[in-house]
**Q** 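Sharing a structure with you now.
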There are 2 protein chains.
Amino acid sequence: MSDTKSRPLTLRDVSEASGVSEMTVSRVLRNRSDVSQATREKVLAAAKQLGYVPNKIAGALASQRVNLVGVIIPSMSNMVFPEVMTGISRVLEDTDLQPVVGITDYLPEKEEKVLFEMLSWRPSGVIIAGLEHSDASRAMLRAAGIPVVEIMDVDGDAIDAAVGISHRRAGQQLGEAILAAGYKRIGFMGTKMPLDHRARKRFEGMTQALAKGGVEVADQEFYSGGSALAKGREMTAAMLERTPDLDFLAYSNDMIGAGGLLYLMEQGIDVPGQIGLAGFNGVELLQGLPKQLATMDACRAEIGQKAAEIIVKRIANPDTAASGHVELTPTLSFGDTLRQS
Amino acid sequence: MSDTKSRPLTLRDVSEASGVSEMTVSRVLRNRSDVSQATREKVLAAAKQLGYVPNKIAGALASQRVNLVGVIIPSMSNMVFPEVMTGISRVLEDTDLQPVVGITDYLPEKEEKVLFEMLSWRPSGVIIAGLEHSDASRAMLRAAGIPVVEIMDVDGDAIDAAVGISHRRAGQQLGEAILAAGYKRIGFMGTKMPLDHRARKRFEGMTQALAKGGVEVADQEFYSGGSALAKGREMTAAMLERTPDLDFLAYSNDMIGAGGLLYLMEQGIDVPGQIGLAGFNGVELLQGLPKQLATMDACRAEIGQKAAEIIVKRIANPDTAASGHVELTPTLSFGDTLRQS
DNA sequence: TGACTTGATGTTAGCGCGATCCCACGGCCT
DNA sequence: AGGCCGTGGGATCGCGCTAACATCAAGTCA
């Protein structure tokens with residue numbers, strides 16, 4: 001209560017207040033077993049009374065252990081990543097590890113910067129989105145000597161462990177479903193981001209599958225920024241104006257897909273009879289739409305969970321043989337906007 | 001390249017590699033001016049060659065300075081908070097401060113835990129959502145001796161500084177607009193969360209304003225969990241079934257409002273003639289809806305920005321007189337779902 | 001009874017850095 | 001020549017904590 005000097009509290013203050021050594025206080029506060037019940041209570045009372053908050057900086061330096069796991073992702077407003085975070089948190093909550101997030105905005109330079117900052121806190125592990133990183137980033141991750149799990153994607157080479165889906169294969173699967181449903185004139189809409197490698201791989205997979213069936217993408221458009229729902233609406237309108245004979249529209253994410261769906265329904269266009277639609281990601285949002293948009297679940301929460309589990313296991317037992325390549329299988333849901341053959 | 005032992009690198013390694021003292025290396029890596037150009041280059045080359053990443057833990061302990069700002073918010077999937085984060089980041093990016101986020105899930109106990117963890121890293125400042133905190137949390141914040149900005153809300157007493165809007169007044173304003181438009185039979189839908197104080201205050205403000213005009217909320221329903229869009233749809237259907245003569249529906253957030261709007265449009269109900277609608281928050285999503293939902297902008301990005309600015313100012317100059325109570329004014333947009341008198 | 005455990009606590013020595021003070025050297029003035 | 005500065009760089013200490021060992025009383029067993 002006496003805020004006289006407000007000099008930050010240290011172990012010593014608690015030790016003086018409770019009449020035992022600093023070491024004993026440290027032991028009590030870390031729940032180490034070899035302290036008598038009486039002392040423990042005395043110390044805890046003193047600590048609470050003073051309002052002592054341990055200094056993890058000093059603790060980490062002394063013990064050479066930091067209970068943080070760096071999580072590096074491109075964005076938080078993408079829906080997908082908060083869900084991945086949920087998966088990660090669920091697992092880490094049962095341990096004494098804590099996630100710390102860094103955002104890259106899909107920029108390799110920023111990823112490098114964020115990673116550097118993160119590593120300078122010496123985390124116990126890193127979970128990082130994607131397999132594409134600058135040479136410097138890869139070098140840092142390798143040199144850090146800690147478990148590293150690359151998530152979301154498995155189409156490429158991992159530094160250490162990887163958990164994700166094959167976006168190329170997901171795109172192929174969608175392409176095949178489009179062919180099987182008999183659509184011929186395909187339009188594609190997606191983000192402009194040349195740096196969203198996963199969206200690119202999905203697109204490549206899809207075009208490849210379509211090509212096998214002798215079908216090409218008849219029109220395409222890319223956007224950046226703005227409200228995704230509104231963009232989906234606008235792009236759809238523009239594309240159908242430009243290329244009126246399209247019979248299928250593929251969107252690189254559910255949000256613009258939903259915008260397109262709303263537009264088509266307003267126009268009284270028969271979906272999926274006249275035009276079929278598909279998005280990607282299986283976001284929860286879709287459940288409230290007038291029609292269920294066809295989509296592919298990207299296994300977001302599960303990716304986070306598995307990644308965190310790998311980290312936890314590796315930290316508990318550093319010499320575990322790698323075992324770190326988990327490929328999950330996204331499932332295509334046809335919803336009400338993609339004919340099922 | 002020789003990863004022989006992979007013992008973590010320290011200043012000493014760089015110092016030996018470059019033939020100067022550790023102190024000089026430290027000076028170079030912190031861009032301190034009193035080092036000759038020649039030495040500087042030599043050191044930087046050695047550091048890069050070794051792939052040295054400074055240890056901030058040691059640095060922070062030695063300098064008693066940590067360039068982190070704790071940001072404690074209830075959720076990341078609420079749309080609102082990522083936008084607040086954006087505002088914060090934009091400001092902090094021009095400084096050497098870095099935000100670190102903690103999530104409370106709207107639970108006071110978790111807030112307390114997260115805060116404790118956060119403070120144990122001795123951040124330079126804290127931005128925390130809401131004005132309602134446990135006694136222990138308030139005590140910790142006060143005792144930390146660092147700038148604290150409580151955001152989102154100004155209806156209550158702040159520990160240190162506060163930036164936000166008056167949710168009570170926002171609710172009142174909406175209530176008045178509803179009255180002015182001549183609606184009489186009001187239905188309300190919102191989240192169940194007894195702990196979302198801001199939603200509660202908005203509701204109270206609205207009912208209070210309505211009461212002044214002799215109007216009561218005729219029906220209400222609260223939900224928790226699930227897809228907000230779908231919930232809005234379901235609750236709206238259920239409420240109109242139960243109380244068919246409602247002529248206005250107020251939603252505690254835009255997402256469920258959007259669900260309700262989609263449902264009403266499908267049912268061919270005249271909005272806002274037969275039934276008026278309003279949400280809250282002004283999320284970007286709304287722009288893609290068939291009709292613009294009436295809403296109030298909660299000044300999210302601006303709140304984050306102002307809060308970060310206060311933190312930055314206080315850190316730069318700790319004895320600045322408080323100056324820390326910023327009330328922003330939300331603007332009501334009538335959109336296409338609320339008659340304008 | 002003495003050698004040996006066991007449990008509870010204290011002592012010492014860093015962890016890797018940065019604040020602070022210190023020194024050596026060259027140039028410049030009087 | 002002597003004094004004085006400014007510049008580049010080194011030496012020392014301590015930040016607050018914990019690992020590892022040391023200590024010491026009170027059993028425990030042959």
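All values below come from the heavy atoms of this structure, side chains included, with hydrogens, waters and symmetry mates left out. Quick caveat: nothing in here was measured; it's all calculated off a predicted structure.
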**Q** Can you see if the side chain of B:R122 gets near the phosphate of D:dC15 - specifically, an N or O under 4.0 Å from OP1 or OP2?
**A**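 Negative; the distance criterion is not met.
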
**Q** Whole-Å distance between D:dT18 P and A:K56 NZ?
**A**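 Interatomic distance, NZ of A:K56 to P of D:dT18: 10 Å.
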
**Q** Could you state the CG-P distance from A:L61 to D:dG14, rounded to the nearest angstrom?
**A**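 It is 16 Å, rounded to the nearest whole Å.
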
**Q** Grab the CD-P distance between A:E41 and C:dA8 for me, whole Å please.
**A**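 Computing the A:E41:CD to C:dA8:P distance gives 13 Å.
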
**Q** Any idea which of C:dT20, D:dA19, C:dC17 is nearest the B:E22 side chain?
**A**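 For B:E22, the side-chain atoms sit closest to C:dC17.
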
**Q** Taking only the side-chain nitrogens and oxygens of B:S63, find out if one of them lies under 4.0 Å from OP1 or OP2 of C:dA19.
**A**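 For B:S63, the contact criterion (side-chain N or O under 4.0 Å from OP1 or OP2 of C:dA19) is not met.
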
**Q** With heavy atoms under 4.0 Å as the rule, sort B:L11 into base, sugar-phosphate or nothing.
**A**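 Sugar-phosphate only.
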
**Q** If you count heavy atoms of other groups shown closer than 6.0 angstrom to CZ of A:R12, is the number above 12?
**A**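 No.
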
**Q** Which one, D:dG9, C:dT9, D:dT18, comes nearest to the side chain of A:D34?
**A**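 When the side chain of A:D34 is considered, C:dT9 is the closest of D:dG9, C:dT9, D:dT18.
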
**Q** What is the distance, rounded to the nearest whole Å, between atom CG of A:N55 and atom P of D:dG16?
**A**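 Interatomic distance, CG of A:N55 to P of D:dG16: 7 Å.
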
**Q** Any carboxylate oxygen within less than 4.0 angstrom of a Lys/Arg side-chain nitrogen, looking at B:E112 and B:R138?
**A**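 Answer for the salt bridge query: no.
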
**Q** Going through the distances and angles, do B:V14 and B:L9 end up as a side chain to side chain contact (heavy atoms under 4.5 Å, CB included)?
**A** CA-CA 8 Å; B:V14 182; B:L9 293 168; 6.0 Å; no

**Q** Round to a whole Å and report the spacing from OH of B:Y52 to C1' of C:dG16.
**A**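 From B:Y52 OH to C:dG16 C1': 7 Å.
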
**Q** Distance check needed: C:dG16 P versus A:R65 CZ, whole Å only.
**A**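 Rounding to the nearest Å, CZ of A:R65 and P of C:dG16 are 14 Å apart.
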
**Q** Would you say that more than 12 heavy atoms from the other residues, nucleotides or ligands in this model lie under 6.0 Å from the CG of A:D34, or not?
**A**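 Yes, the 6.0 Å shell around CG holds more than 12 heavy atoms from other groups.
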
**Q** Is the distance from OP1 or OP2 of D:dG14 to the nearest side-chain N or O of B:Q64 less than 4.0 Å?
**A**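 For D:dG14, neither OP1 nor OP2 has a side-chain N or O of B:Q64 closer than 4.0 Å.
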
**Q** Just to confirm, is there a sub-4.0 Å distance from OP1 or OP2 of C:dA8 to any side-chain nitrogen or oxygen of A:R32?
**A**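 Looking at the OP1 and OP2 atoms of C:dA8, neither is under 4.0 Å from any side-chain N or O of A:R32.
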
**Q** Just checking A:R40: base, sugar-phosphate only, or nothing, at a heavy-atom cut-off of under 4.0 Å?
**A**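 A:R40: no heavy atom of the nucleic acid under 4.0 Å.
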
**Q** May I have the distance from A:M23 (atom CE) to D:dA19 (atom P), rounded to whole angstrom?
**A**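 Value for this atom pair: 7 Å.
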
**Q** Does OP1 or OP2 of D:dG14 have a side-chain N or O of A:R12 closer than 4.0 Å?
**A**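 So the side chain of A:R12 is outside the cut-off, no N or O lying under 4.0 Å from OP1 or OP2 of D:dG14.
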
**Q** Examine distances only and state if a side-chain atom of B:D160 and a backbone atom of B:V148 form a donor-acceptor pair shorter than 3.5 Å.
**A**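 Confirmed, B:D160 side chain pairs with B:V148 backbone.
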
**Q** Quick one: on DNA chain D, does B:A62 or B:T39 contact a more 5' nucleotide (nearest heavy atom)?
**A**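 The residue whose closest nucleotide sits nearer the 5' end is B:T39.
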
**Q** With the side chain of A:R30 defined as its heavy atoms from C-beta on, choose the nearest nucleotide among D:dG10, D:dT18, C:dG16.
**A**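 From the listed options, D:dT18 comes nearest.
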
**Q** To the nearest angstrom, how far is B:W121 atom CH2 from D:dC17 atom P?
**A**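 So the CH2-P distance, B:W121 to D:dC17, works out to 13 Å.
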
**Q** Can you establish whether the number of heavy atoms outside A:N317 located under 6.0 Å from its atom CG is more than 12?
**A**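 Count over threshold, so yes.
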
**Q** Examine the base of C:dG10 for any acceptor or donor lying under 3.5 Å from a partner atom in the side chain of A:R27, and report the outcome as yes or no.
**A**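 Indeed, a donor on one side and an acceptor on the other fall under 3.5 Å apart.
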
**Q** When you match B:S21 and A:V53 each to their closest nucleotide on DNA chain D, which lands nearer the 5' end?
**A**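 Result of the comparison: B:S21.
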
**Q** Would you tell me if any nitrogen or oxygen in the side chain of A:S26 comes within less than 4.0 Å of OP1 or OP2 on D:dT18?
**A**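 Affirmative; the distance criterion is met.
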
**Q** Less than 4.0 angstrom between a side-chain N/O of A:S36 and OP1 or OP2 of C:dT9, yes or no?
**A**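 Result: yes.
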
**Q** At less than 4.0 Å, is any side-chain N or O atom of A:T24 found next to OP1 or OP2 of C:dG10? Yes or no.
**A**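 Result: yes.
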
